[in-house]
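First listed ligand is number 1; within each ligand, the first listed atom is number 1.
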Amino acid sequence: MLTDLDGPAVERLAGELGQVAIQGDVTVRADIDRMVETAYRRWGRLDVLFNNAGVIQGKPLLDLTEADWDRLMNVNLRAVFFVLQAAARRMIRQDPMPGSELRGKLIQTASIAAYRGGLPLTAHYAASKAAVVSITRTAAQALAPSRITSNCICPGVVDTPMWAKLDADWTALEGWERGKAWKRRTAGIPLGRPERPEDVAGLVAFLASADSDYLTGQAINIDGGLVMGS
Ligand SMILES: NC(=O)c1ccc[n+]([C@@H]2O[C@H](COP(=O)([O-])OP(=O)(O)OC[C@H]3O[C@@H](n4cnc5c(N)ncnc54)[C@H](O)[C@@H]3O)[C@@H](O)[C@H]2O)c1
């Protein structure tokens with residue numbers, strides 16, 4: 001089951017994958033409840049949550065407003081927590097997954113920005129992602145007795161519409177031509193190319209699979225070596 005704010009996009013992808021689509025806003029309580037409820041009504045259970053929605057904004061630290069802060073934190077932090085909580089509240093009452101000792105798996109999307117303090121233009125984004133790592137670990141501790149795991153991924157510089165937005169914000173501020181921020185940011189990636197969504201998907205598939213059943217409370221960098229050792 002796939003959910004996204006963008007109804008037509010989620011319908012299209014779910015159609016391609018032969019899956020169920022739900023248009024929903026993770027910042028809206030009723031939508032969170034509807035997403036979780038739909039899974040339980042259809043399958044009677046929810047094995048894996050991939051809590052991935054996020055937004056970005058590039059703006060100098062000294063110019064960030066309270067509205068900027070609230071808008072970003074509402075999606076990247078508040079919603080991540082309440083989606084996790086809604087899923088965990090139901091998972092805790094279900095039987096373990098067939099052939100597994102686990103009841104469920106929670107996977108959040110943080111970022112390498114969680115560790116690096118982010119870029120100078122993304123103070124609120126970096127703070128939100130550090131908080132996602134924190135929530136992931138607390139959830140792992142709180143839910144381990146119920147045999148629910150919680151891990152997060154920390155992607156690097158991935159070629160998606162989010163980076164197109166950051167490049168637009170950043171190049172406008174610097175007076176550069178479009179694409180220059182992306183080029184500069186991807187130039188030093190040790191594995192020699194920008195990250196693709198498929199690179200991230202491989203790690204998420206592993207975390208969703210039985211191969212990672214003994215893993216919990218971890219934040220895993222998937223970044224082509226960009227922040228080795230931090
Ligand atoms: N692109 C990168 O370089 C990068 C790096 C590290 C982490 N991330 C994280 O990866 C995740 C996915 O980002 P992406 O690069 O695919 O960005 P994206 O902008 O391409 O996709 C984000 C998706 O989230 C959806 N969304 C936004 N607000 C929502 C809401 N309120 N309710 C429901 N859906 C909502 C959007 O419609 C969009 O489909 C985000 O959490 C992002 O912070 C991205």
Only heavy atoms of Asn52, strictly under 4.0 Å: list the atoms of ligand 1 that pass.
10 (O), 11 (C), 12 (C), 40 (C), 41 (O)

The atoms of ligand 1 lying under 4.0 Å from a heavy atom of Ala110, numbered in the order shown, are 7 (C)

Does Gly24 reach ligand 1, in the sense of a heavy atom lying below 4.0 Å from it?
yes

Classify the ring geometry of Trp170 against Trp163: parallel below 30°, tilted from 30° to 60°, perpendicular beyond 60°.
tilted

To the nearest 0.5 Å, how far apart are CG in Leu215 and CG in Asn151?
4.5 Å

Run the numbers for me: atoms of ligand 1, each under 4.0 Å from some heavy atom of Gly54, listed by number.
22 (C), 24 (O), 27 (C), 40 (C), 41 (O)

Tell me whether Thr216 contacts the main-chain N or O of Thr149 through its side chain, where contact means a donor paired with an acceptor under 3.5 Å.
no

Heavy atoms of the protein only: does one fall short of 4.0 Å from atom 21 (O) of ligand 1?
no

Write out the residue and atom name of the closest protein heavy atom to atom 43 (O) of ligand 1, then the distance separating them to 0.1 Å.
Tyr125 OH, 2.7 Å

Looking only at distances, can you tell me whether any N or O atom of Lys129, backbone or side chain, sits closer than 3.5 Å to an N or O atom of ligand 1?
yes

Would you say Val26 has any N or O atom under 3.5 Å from an N or O of ligand 1, going by distance alone?
yes

Check ligand 1 against Pro161 and write out every atom of the ligand that is under 4.0 Å from a heavy-atom position of the residue.
20 (O)

Protein heavy atom at shortest distance from atom 26 (N) of ligand 1:
Ala53 CB, 4.0 Å

Using a strict 4.0 Å cut-off to heavy atoms of Gly156, name the atoms of ligand 1 that fall inside it.
3 (O), 5 (C), 6 (C)

Backbone of Gly224 reached by a side-chain donor or acceptor of Glu195 within 3.5 Å
no

Separation between CE of Met91 and CE of Met97, rounded to the nearest 0.5 Å
7.5 Å

Report yes if some N/O of Val158 lies less than 3.5 Å from some N/O of ligand 1; otherwise report no.
yes

At less than 4.0 angstrom from any non-hydrogen atom of Asp25, what atoms of ligand 1 do you find?
30 (C), 31 (N), 32 (N)

Atom CD1 in Ile107, atom CD1 in Ile153: separation rounded to 0.5 Å?
8.0 Å

Any nitrogen or oxygen of Leu5, main chain or side chain, under 3.5 Å from a nitrogen or oxygen of ligand 1?
yes

Nearest-contact summary for atom 1 (N) of ligand 1 - protein heavy atom, Å
Thr160 OG1, 3.1 Å

Quick one: nearest non-hydrogen protein atom to atom 10 (O) of ligand 1, plus distance?
Thr109 CG2, 3.2 Å

So does Thr171 get a backbone contact from the side chain of Lys180, meaning a donor-acceptor N/O pair under 3.5 Å?
no

Nearest 0.5 Å, what's the CG-CD distance between Asp167 and Glu177?
9.0 Å

Please list the nearest protein heavy atom to atom 37 (O) of ligand 1 with its residue and the distance rounded to 0.1 Å.
Asp4 OD1, 2.5 Å

Looking only at protein heavy atoms, identify the closest one to atom 44 (C) of ligand 1 and say how far it is in Å.
Met162 SD, 3.8 Å

Are there more than 12 heavy atoms of other residues, nucleotides or ligands under 6.0 Å from atom CZ of Arg147?
no

contact_flag Ala113 ligand 1 heavy-atom lt 4.0 Å:
no

One finds that the ligand 1 atoms under 4.0 Å from a non-hydrogen atom of Val157 are 3 (O)

Supply the atom-to-atom distance Thr3 OG1 to Gln23 CD, rounded to the nearest 0.5 angstrom.
9.0 Å

Under a 4.0 angstrom heavy-atom cut-off, which atoms of ligand 1 come close to Ser111?
6 (C), 7 (C)

From Leu84 CG over to Leu143 CG, what is the distance, rounded to the nearest 0.5 angstrom?
7.0 Å

Would a 4.5 Å heavy-atom cut-off, applied to side chains only, mark Asn76 and Val55 as touching?
yes

Within 6.0 Å of CZ in Arg78, more than 12 heavy atoms from elsewhere
no

